[in-house]
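Single-structure report; data block below.
First listed ligand is number 1; within each ligand, the first listed atom is number 1.
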Amino acid sequence: MLDIKYTFQSVLDYIVEQCEVSEMTMNIFLRSLKPISIEGNRVTLLCDSEMKRTAIYEKYMPYLQRAFKAELGLDDVRIRVLRKEELEEEQLQKEQEEKEKKEAEERTGSAVNPAYTFENFVVGSSNRVAYETSLLVCGSPAVYYNPLFLYGPSGLGKTHLLFAIINEMKAKRPGFNVVYITCEEFTNLLVDSISKKADPAIFRSRFRNLDFLLVDDIQFLANKRAVQEEMFHTFEALYNNGKQIVFASDRPPEELENIDKRLIGRFSMGGLIDIQPPDAELRQAIFKRKAESYGVDIPNDVLEYLAENIKTNIRQIEGSIKTLKAHSLIGGEEITFEMAKRVLSAYLKKAEEDSVNSEKILKYVSMRYGIKKEDITGAKRDASIKNARHICAYLMRDMLNMTYKEIGAILRKHHTTVMDSCVKVDEDMKKNDNFAREIADIKRELSV
Ligand code: ADP
Ligand code: MG
């Protein structure tokens, strides 16, 4: 380690010997400097007055440069002269950054949105059971449903309920150690810990000593063996200690493919609760509540129109309200039936276009592999046509959750053939990384 004081003393000696500087200048300007740090070629010095600092920058910097270069044996030296306040501010900032970094390293879970609560979750017949069981696990953790496994298509409120559970637990049982984590973040933390060759016990103790663990989007465990293994042992540790676990997934356990059977068994042993797409009544209630929360006044006929036309996804409900609000704010226009129809026509069309559907998959695969759609749905058995067909079947199953029968109806194949196609793609993905990447690529492009 470089001794800063010693080095700086040598620098001053160097200037006295090698540069023509008066003793008075030395005393007033240079000897009064305090060396703070030398990191690589970056030198930081502290100066006790602004006037002196200006003089140093204007007149004496070349001497300091020369002397430091000589003493440190470097061609290039960056010298900064700071005032006390600046130095303090910089140190504070550094401390803050270090604190944040440390917190990020120690953080166990993902971020939770405090705005998602039970109070603002609108309840209808399609989500009532999910809502009530979620409340129940807050009131009696690890008593009735353990694990609680919530499943249903995207955008229907699973994450909202998980956040509501945490927010409720934090408010009612502040001493409880509750952690929410997405499957992806769990994976990242594990990969991070492995790649840093950290002691595995650290990762384990983080997740196995909780009171309550919520894991979102568990379907992303597919094909990740090491992560599944870790999740399994985490589950066992918590469960055996009488702690509550909640999982959310976009499909039921029996449809989760490429996940260890032992885990699937654990998922299914507490309570399987599904959330279904909202019916018209619930859609309207949600529209109403969201309009209120965004502070927009939407007449009933418009609410009805929206509820009729925006069907599948509650995220789209929020999007359409925001669009209406923006238009009425910017254009100063009142929200009426005509206005909503006009403004949302593009939105509704886009929502339709955005959602992946079987037609889109067929079209995309046909285009990507240069194979006619009719050939994919036809009887030809060339290898390239069969390959495109397998991929279509797999994507419809994987991205749209369609049954083998439904896929068969589109591809005009028997449902067992469709099943074989899906299995084949699955196996090929496991055997061949390039192919797995190719499929991931297609999925990404279809989803944007
Ligand atoms: P998922 O996790 O099932 O994909 P989210 O929980 O992210 O869905 O929900 C999507 C959006 O819809 C969120 O903004 C959420 O607040 C809202 N949402 C879903 N269901 C409801 C509900 N029943 N009442 C109010 N808002 C809801
Ligand atoms: Mg979600």
Side-chain angles (χ1 to χ4, degrees), residues 109-135 137-138 147-168 179-188 213-222 245-253 255-256 267 272-296 298 303 306-307 309-325 347 351 354-356 398-401 443 447:
S110 313
V112 171
N113 188 338
Y116 289 163
T117 59
F118 284 115
E119 288 74 43
N120 60 23
F121 189 81
V122 187
V123 184
S125 56
S126 53
N127 61 18
R128 171 160 292 114
V129 181
Y131 170 84
E132 281 171 1
T133 39
S134 299
L135 258 181
V137 295
C138 288
L148 171 60
F149 191 95
L150 291 176
Y151 69 92
S154 167
L156 297 186
K158 300 180 298 292
T159 299
H160 188 134
L161 281 176
L162 299 195
F163 285 177
I165 292 176
I166 302 159
N167 291 324
E168 172 88 4
V179 163
Y180 163 88
I181 191 150
T182 63
C183 188
E184 274 183 310
E185 187 138 358
F186 185 83
T187 306
N188 292 342
L213 176 65
L214 303 104
V215 190
D216 206 350
D217 290 321
I218 198 80
Q219 70 272 7
F220 291 128
L221 273 185
I245 304 118
V246 178
F247 295 108
S249 158
D250 71 352
R251 64 198 80 178
E255 286 180 25
L256 287 167
F267 292 159
L272 295 181
I273 309 287
D274 67 332
I275 302 189
Q276 298 283 341
D279 58 16
E281 198 185 338
L282 177 59
R283 289 203 298 274
Q284 208 172 323
I286 294 174
F287 267 115
K288 208 163 169 170
R289 185 78 76 84
K290 297 275 169 188
E292 279 165 17
S293 76
Y294 286 107
V296 262
I298 302 185
L303 286 178
L306 292 174
N309 286 284
I310 296 180
K311 290 196 176 139
T312 46
N313 189 318
I314 295 166
R315 229 171 252 128
Q316 291 171 352
I317 295 187
E318 291 191 313
S320 63
I321 302 245
K322 284 186 204 157
T323 309
L324 282 180
K325 180 177 177 182
Y347 183 86
D354 276 356
S355 61
V356 184
D398 186 70
M399 299 182 78
L400 307 175
N401 269 326
K443 281 171 66 173
S447 307

Practice task
Quick one: look up the protein heavy atom nearest atom 6 (O) of ligand 1 and list residue, atom name and how far away it is.
Solution key: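 Closest protein heavy atom to atom 6 (O) of ligand 1: H160 N, 2.7 Å.
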Problem - Protein heavy-atom partner closest to atom 24 (N) of ligand 1 - residue, atom, separation in Å - result: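 Scanning the protein heavy atoms, the shortest distance from atom 24 (N) of ligand 1 goes to V122 N, 2.8 Å.
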Proximal atoms of ligand 1 relative to [X] (non-hydrogen, under 4.0 Å):
X	result
T159	1 (P), 2 (O), 6 (O), 7 (O)
S154	4 (O)
N127	23 (N)
E318	11 (C), 13 (C), 14 (O)
N120	24 (N), 25 (C)

Exercise for the section: Would you check whether K290 reaches within less than 4.0 Å of ligand 1, judged by its heavy atoms? Expected result: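 Yes.
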Problem - Results of ring pair (Phe, Tyr, Trp, His ring centres under 6.0 Å) for F118 - residues two or more places apart only - result: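 F118 satisfies ring pair (Phe, Tyr, Trp, His ring centres under 6.0 Å) with Y131 only.
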Handout entry: F121 N/O to ligand 1 N/O under 3.5 Å
Key =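 Checking ligand 1 against F121, no N or O pair falls under 3.5 Å apart.
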Problem - Check: G157 N/O within less than 3.5 Å of ligand 1 N/O - result: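 Yes, since at least one N or O of G157 sits under 3.5 Å from an N or O of ligand 1.
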Exercise for the section: For D216 and T159, test the side chains for any donor-to-acceptor distance below 3.5 angstrom and give the result as yes or no. Expected result: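 A donor-acceptor contact under 3.5 Å links the two side chains.
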Handout entry: Sphere of radius 2.8 Å around the Mg ion (ligand 2) - protein N, O or S atoms inside
Key =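 The answer is T159 OG1.
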Handout entry: Proximity winner for atom 20 (N) of ligand 1, if only heavy atoms of L162, D217, I314, D216 are counted
Key =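 Closest candidate by heavy-atom distance is I314.
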